[in-house]
Participant: 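Just dropping this structure here.
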Amino acid sequence: MDATTAPWDETADVIVVGFGAAGACAAIEAADAGARVLVLDRFGGGGATAISGGVVYAGGGTAQQRAAGVTDTPQAMYDYLREEAGDAVSAETLRRFCDESVAMVDWLAGLGVPFDARLCPYKTSYPTNRHYLYFSGSETAFAQVAPPAPRGHRVYARGTSGRVFAARLAAAARDRGVERRDQTRAERLVTGADGRVTGVECRTLRAAPAWARLAHRVLHRWSVKPGVYLPGLGKALNRPVAGIERRYGRPLRIGAARGVVLAAGGFVFDRQMMREHAPDYRGGLRLGTPGDDGSGIRLGVAAGASTAHLDRVSIWRFLTPPSGMLGGRLVDRDGRRICDETRYGAAIGEAVLRSPGGRAWLLLDAPTLKRCRRQVWEQTLWFQRWQAFWLLTVGRVSGPTLAAVARRAGVDPAGLADYQGVPPYSMIDFSVRKRTAVPAPMLTLGGLRVDENNGQALGVPGLYAAGRTAVGICSRSYVSGLSLADCVFSGRRAGRSVASEDRGGLHAHRG
Ligand SMILES: Cc1cc2nc3c(=O)[nH]c(=O)nc-3n(C[C@H](O)[C@H](O)[C@H](O)COP(=O)(O)OP(=O)(O)OC[C@H]3O[C@@H](n4cnc5c(N)ncnc54)[C@H](O)[C@@H]3O)c2cc1C
């Protein structure tokens, strides 16, 4: 059908598909630029952002860094990220990301997102409720490249802070008059004869019976956290959610006068895409929500967009907390040291995955083990605590000599000959491939290729992409906070650009 004469059920200047961090930031910027913005979300918004740790990677001298007495510069941040995150984006784009980082945090703070300057004094995967600024990457491991600085800005809230992050962004969008259609799934992009994207075909529960909408909302909400930590339960709860969509969803066509932003998350929940693009990562813990089914990426591809880095998955193996674990040596089954233990959990996870059989053990001597045990209670939040206890008890073998402990772990003792420590020795299983009680969490990094100047999907006029639906700063390699920071960066870029398009005329076709 010719999109220019299509009868729309409703229209907006800008349609944003997905209301996580990227979608919210796009909507806020587009609304600030004067556009009438309509956001569609398959569920109630929030996405993976709302269940995340709420850590935003930022530096170059943010207000929080300065208040904590930390020295940092955009150049140091750039030098480190260039090394750690590689060339997923051009040097110019990464430089812009670093140069604008201080302003990005101020922008978020201006929207009501709370940050705090309390600096965590030890290395951890996620600080406790006493600390909100920390070394969230591998900065100290790259000290020869750039002066290390703590850049993990955890949103100020107890527990996992993503909930507050998403809520504040949602409130800021609401205050700007951004309209929402929740329980509305984008299923197809409408394009005109010239290939320009002019609208979205959806399936909505808007006219569904009240009980169906309620069941859809509640079951989805209940399925999200178990979907990460107890996948079987998450799947069982999500099955009726999909059934309700099939049974009660009704078509809805929405026209977009200026364009469409795809911000629908990644694809870690889509078995087929994972099998096709990232077969090595089977068995990991899927970090996301059922909305991370790759639909945003597929919508873009069907409209003519291309993808990159779909094979890049961030799989995490955190040695810390407790920070005492850094006194150990991470070895493969031949007893060879795998990598620098102070690297971020994603770099360690990748190194373990690539080691023979995906197997790895952390070798500790007696004083180190004792130190770790002492630190557990003080350095962990609930979701880290059970894991640390497990690793230090059930997940550990010990022996009076290196040969004995290696034999128990199934490691070749020859590789450990130069290790000097105090017996008895322990080895903790940090394998990735083997099914362990502590599966490795993972998220997808690749997505639609975009013009880095404006966020437009390459080759598709009227279409923009942001967050984990698009290629971004973290698409080669992730450190804590880099995905959310990229969602803000890319979401704002797409929102500004789409709002500046003005094709006009669409409103005449209101259905
Ligand atoms: C437990 C956990 C902890 C994490 N901690 C951090 C952290 O501290 N720092 C960090 O940087 N990253 C973290 N991450 C990763 C980060 O949360 C995500 O990469 C990021 O939130 C993705 O944001 P997004 O806006 O791209 O997508 P999302 O926040 O997932 O939002 C996408 C939205 O699109 C909707 N949607 C999907 N498909 C459709 C469709 N077809 N039609 C309409 N709507 C659709 C979904 O319902 C969802 O609301 C964490 C992830 C998890 C799961």
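In each ligand, atom 1 is the first atom listed, and ligand 1 is the first ligand listed.
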Participant: Testing Val432, Ile315, Leu287 for side-chain contact (heavy atoms from CB on, under 4.5 Å) with Met442, which one passes?
Facilitator: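 So, applying the side-chain contact (heavy atoms from CB on, under 4.5 Å) to Met442 and each of Val432, Ile315, Leu287, only Ile315 qualifies.
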Participant: Nearest to atom 36 (N) of ligand 1, what protein heavy atom do you find, and at what distance?
Facilitator: Ala264 CB, 3.9 Å
Participant: Does any N or O of ligand 1 fall below 3.5 Å from an N or O anywhere on Ile51, backbone included?
Facilitator: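 Checking ligand 1 against Ile51, no N or O pair falls under 3.5 Å apart.
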Participant: Using non-hydrogen atoms of the residue, decide whether Gly296 is closer than 4.0 angstrom to ligand 1.
Facilitator: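 Contact absent.
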Participant: Looking only at heavy atoms of Ser480, does any of them come nearer than 4.0 Å to an atom of ligand 1?
Facilitator: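 Per 4.0 Å heavy-atom rule, Ser480 does not contact ligand 1.
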Participant: Can you tell me which residue and heavy atom of the protein come closest to atom 44 (N) of ligand 1, and the distance to 0.1 Å?
Facilitator: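 Answer, as residue, atom name and distance: Arg42 N, 3.0 Å.
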Participant: Which residue, Gln183, Glu187, Glu245, forms the side-chain hydrogen bond (donor to acceptor under 3.5 Å, both in side chains) with Arg42?
Facilitator: Glu245
Participant: Are His216 and Tyr248 an aromatic pair, judged by ring center distance below 6.0 Å?
Facilitator: no
Participant: At a 4.0 Å cut-off, with the gap strictly under it, does some heavy atom of Val228 reach an atom of ligand 1?
Facilitator: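 No, Val228 has no heavy atom closer than 4.0 Å to ligand 1.
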Participant: Give a yes or no on whether the ring-centroid distance for Phe142 and Tyr80 is below 6.0 angstrom.
Facilitator: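 Yes; Tyr80 has its ring centre under 6.0 Å from that of Phe142.
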Participant: Heavy atom under 4.0 Å from ligand 1: found in Thr49's side chain, backbone, both, or neither?
Facilitator: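 It is both backbone and side chain that touch ligand 1.
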Participant: State whether the shortest distance between N or O atoms of Asp293 and N or O atoms of ligand 1 falls below 3.5 angstrom.
Facilitator: no
Participant: Could you tell me, atom by atom, which parts of ligand 1 come under 4.0 Å of a heavy atom of Phe43?
Facilitator: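 Answer for ligand 1: 47 (O).
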Participant: Using a strict cut-off of 4.0 Å, indicate which atoms of ligand 1 neighbour a heavy atom of Gly481.
Facilitator: 9 (N), 10 (C), 11 (O)
Participant: With atoms numbered from 1 as shown, which atoms in ligand 1 lie under 4.0 angstrom from a non-hydrogen atom of Gly46?
Facilitator: 29 (O)
Participant: Looking only at heavy atoms, is any part of Thr160 under 4.0 Å from ligand 1, and if so is it the side chain, the backbone, or both, or is it neither?
Facilitator: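 None of Thr160 does.
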Participant: Which heavy atom in Arg168 sits nearest to a heavy atom in Gly112, and how many Å separate them?
Facilitator: NH1-O, 2.7 Å
Participant: Of all heavy-atom pairs between Val37 and Ala31, which one has the smallest distance, and what is that distance?
Facilitator: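 For Val37 versus Ala31, the nearest heavy atoms are CG2-N, 3.7 Å.
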Participant: Can you list the ligand 1 atoms lying under 4.0 Å from a non-hydrogen atom of Gly54?
Facilitator: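 Listed by number with element, the hits are 8 (O).
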Participant: For ligand 1, is there an N or O atom under 3.5 Å from any N or O atom of Gly47?
Facilitator: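 Yes, at least one N or O pair falls under 3.5 Å.
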Participant: Hydrogens and angles aside, do Arg312 and Ser475 bring a side-chain donor and acceptor to less than 3.5 Å of each other?
Facilitator: no
Participant: Would you tell me whether Gln379 and Ser323 have side-chain atoms, one donor and one acceptor, within less than 3.5 Å of each other?
Facilitator: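 Yes.
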Participant: Judged by modelled atom types alone, do Thr307 and Arg449 share a side-chain donor-acceptor pair under 3.5 Å?
Facilitator: no
Participant: Identify the closest protein heavy atom to atom 5 (N) of ligand 1: which residue and atom is it, and at what distance?
Facilitator: Gly53 N, 3.0 Å
Participant: Pick whichever of Gly23, Ser52, Ser483 has a heavy atom sitting closest to atom 18 (C) of ligand 1.
Facilitator: Ser483
Participant: Please report which non-hydrogen protein atom sits nearest to atom 11 (O) of ligand 1, along with the residue it belongs to and the distance in Å to one decimal place.
Facilitator: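 That would be Leu484 N, 2.7 Å.
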Participant: Parallel, tilted or perpendicular: which describes the rings of Trp316 and Tyr478, with under 30° parallel and over 60° perpendicular?
Facilitator: parallel
Participant: Please state which protein non-hydrogen atom is closest to atom 52 (C) of ligand 1 and give its distance, to 0.1 Å?
Facilitator: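 Scanning the protein heavy atoms, the shortest distance from atom 52 (C) of ligand 1 goes to Leu287 CD2, 3.8 Å.
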Participant: Using a plain distance cutoff, I'd like to know if Asp41 has any nitrogen or oxygen under 3.5 Å from a nitrogen or oxygen of ligand 1.
Facilitator: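 The answer is yes, given that Asp41 and ligand 1 share an N or O pair closer than 3.5 Å.
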Participant: Answer yes if the side chains of Ser480 and Tyr344 hold a donor-acceptor pair under 3.5 Å, and no otherwise.
Facilitator: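 Distance-only check passes for Ser480 and Tyr344.
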Participant: Which atoms of ligand 1 are found less than 4.0 Å from any heavy atom of Leu443?
Facilitator: 15 (C)
Participant: N/O to N/O below 3.5 Å, does that happen between Ala21 and ligand 1?
Facilitator: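 Yes, at least one N or O pair falls under 3.5 Å.
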Participant: Work out whether the distance between some heavy atom of Thr184 and some atom of ligand 1 is less than 4.0 Å.
Facilitator: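 Judged by the 4.0 Å heavy-atom criterion, Thr184 does count as contacting ligand 1.
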Participant: Between Arg493, Arg492, Arg176, which is the residue that forms a salt bridge (Lys or Arg N to Asp or Glu O under 4.0 Å) with Glu29?
Facilitator: Arg492
Participant: Ignoring angles and geometry beyond distance, decide whether Ala22 reaches within less than 3.5 Å of ligand 1 through its nitrogen or oxygen atoms.
Facilitator: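 Between Ala22 and ligand 1 (N or O atoms, distance only) the closest approach is under 3.5 Å.
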Participant: With a cut-off of under 6.0 Å to the ring centre and 45° to the axis, is Arg151 in cation-pi contact with Tyr57?
Facilitator: no
Participant: Pick from Val268, Val228, Leu285: which one makes a side-chain contact (heavy atoms from CB on, under 4.5 Å) with Pro441?
Facilitator: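 Exactly one option meets the side-chain contact (heavy atoms from CB on, under 4.5 Å) with Pro441, and it is Leu285.
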Participant: Out of Val55, Asp182, Asp486, Val56, whose heavy atom is nearest to atom 9 (N) of ligand 1?
Facilitator: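 Result: the heavy atom closest to atom 9 (N) of ligand 1 is in Val55.
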Participant: Do Arg36 and Glu10 pass the salt bridge (Lys or Arg N to Asp or Glu O under 4.0 Å) test, and can you show the C-alpha distance, the side-chain angles, and the key distance before you say yes or no?
Facilitator: CA-CA 12 Å; Arg36 194 161 74 79; Glu10 44 184 308; over 6 Å; no
Participant: Quick test of your reading of the model: are Arg476 and Asp87 salt-bridged, counting only N-O distances below 4.0 Å?
Facilitator: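 Answer for the salt bridge query: yes.
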Participant: Relative to the heavy atoms of Leu482, which atoms of ligand 1 are at a distance of less than 4.0 Å?
Facilitator: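 Taking each heavy atom of Leu482 in turn, ligand 1 has 11 (O) under 4.0 Å.
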Participant: Is it the case that ligand 1 has an N or O less than 3.5 angstrom from some N or O of Arg185?
Facilitator: no
Participant: May I ask you to check if ligand 1 and Arg468 share an N or O to N or O distance below 3.5 Å?
Facilitator: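 Among all N and O atoms of Arg468, at least one is under 3.5 Å from an N or O of ligand 1.
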Participant: Looking at Arg258 and Asp13, is any side-chain nitrogen of the basic one under 4.0 Å from a carboxylate oxygen of the acidic one?
Facilitator: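 Salt bridge between Asp13 and Arg258, a charged N being under 4.0 Å from a carboxylate O: yes.
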Participant: For Tyr57 and ligand 1, answer yes if some heavy atom of the residue is under 4.0 Å from a ligand atom, otherwise no.
Facilitator: no
Participant: Do Ser125 and Gln384 get their side chains close enough for a donor-acceptor pair, meaning under 3.5 Å?
Facilitator: yes
Participant: Would you mind finding which of Gly294, Ser295, Gly227 brings a heavy atom closest to atom 38 (N) of ligand 1?
Facilitator: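 The option holding the nearest heavy atom is Ser295.
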Participant: Give the residue and atom name of whichever protein heavy atom lies nearest to atom 34 (O) of ligand 1, and the separation in Å to one decimal.
Facilitator: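 Ranking protein heavy atoms by distance from atom 34 (O) of ligand 1, first comes Gly18 CA, 3.2 Å.
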Participant: What do you reckon, does Ala186 have a nitrogen or oxygen under 3.5 Å from a nitrogen or oxygen of ligand 1?
Facilitator: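 Among all N and O atoms of Ala186, at least one is under 3.5 Å from an N or O of ligand 1.
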Participant: Are side-chain N/O atoms of Tyr126 and Arg154 paired as donor and acceptor at under 3.5 Å?
Facilitator: yes
Participant: With only distance considered, is Tyr126 within less than 3.5 Å of ligand 1 through an N or O on each side?
Facilitator: no
Participant: Under 4.0 Å, heavy atoms only, figure out whether ligand 1 is touched by the backbone of Ala263, its side chain, both or neither.
Facilitator: backbone
Participant: Measuring from the heavy atoms of Thr289, does anything fall under 4.0 Å of ligand 1?
Facilitator: no
Participant: Taking atom types as modelled, find out whether Gln456 and Asp451 have a side-chain donor-acceptor pair closer than 3.5 angstrom.
Facilitator: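 Note: Gln456 and Asp451 side chains miss the donor-acceptor criterion.
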Participant: How far is atom 10 (C) of ligand 1 from the closest protein heavy atom, and which atom is that?
Facilitator: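 Heavy-atom neighbour on the protein nearest atom 10 (C) of ligand 1: Tyr478 OH, 3.1 Å.
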Participant: Verify the ring-centre separation between Phe97 and Tyr78: is it less than 6.0 angstrom?
Facilitator: no
Participant: Atom 24 (P) of ligand 1: which protein heavy atom is closest, and how many Å away?
Facilitator: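 Here the closest protein heavy atom is Cys487 SG, 3.8 Å.
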Participant: With heavy-atom distances below 4.0 Å as the criterion, list the atoms of ligand 1 near Gly467.
Facilitator: 26 (O)
Participant: Can you figure out which of Ala485, Ala48, Ala26, Gly265 has its heavy atom closest to atom 30 (O) of ligand 1?
Facilitator: Ala48
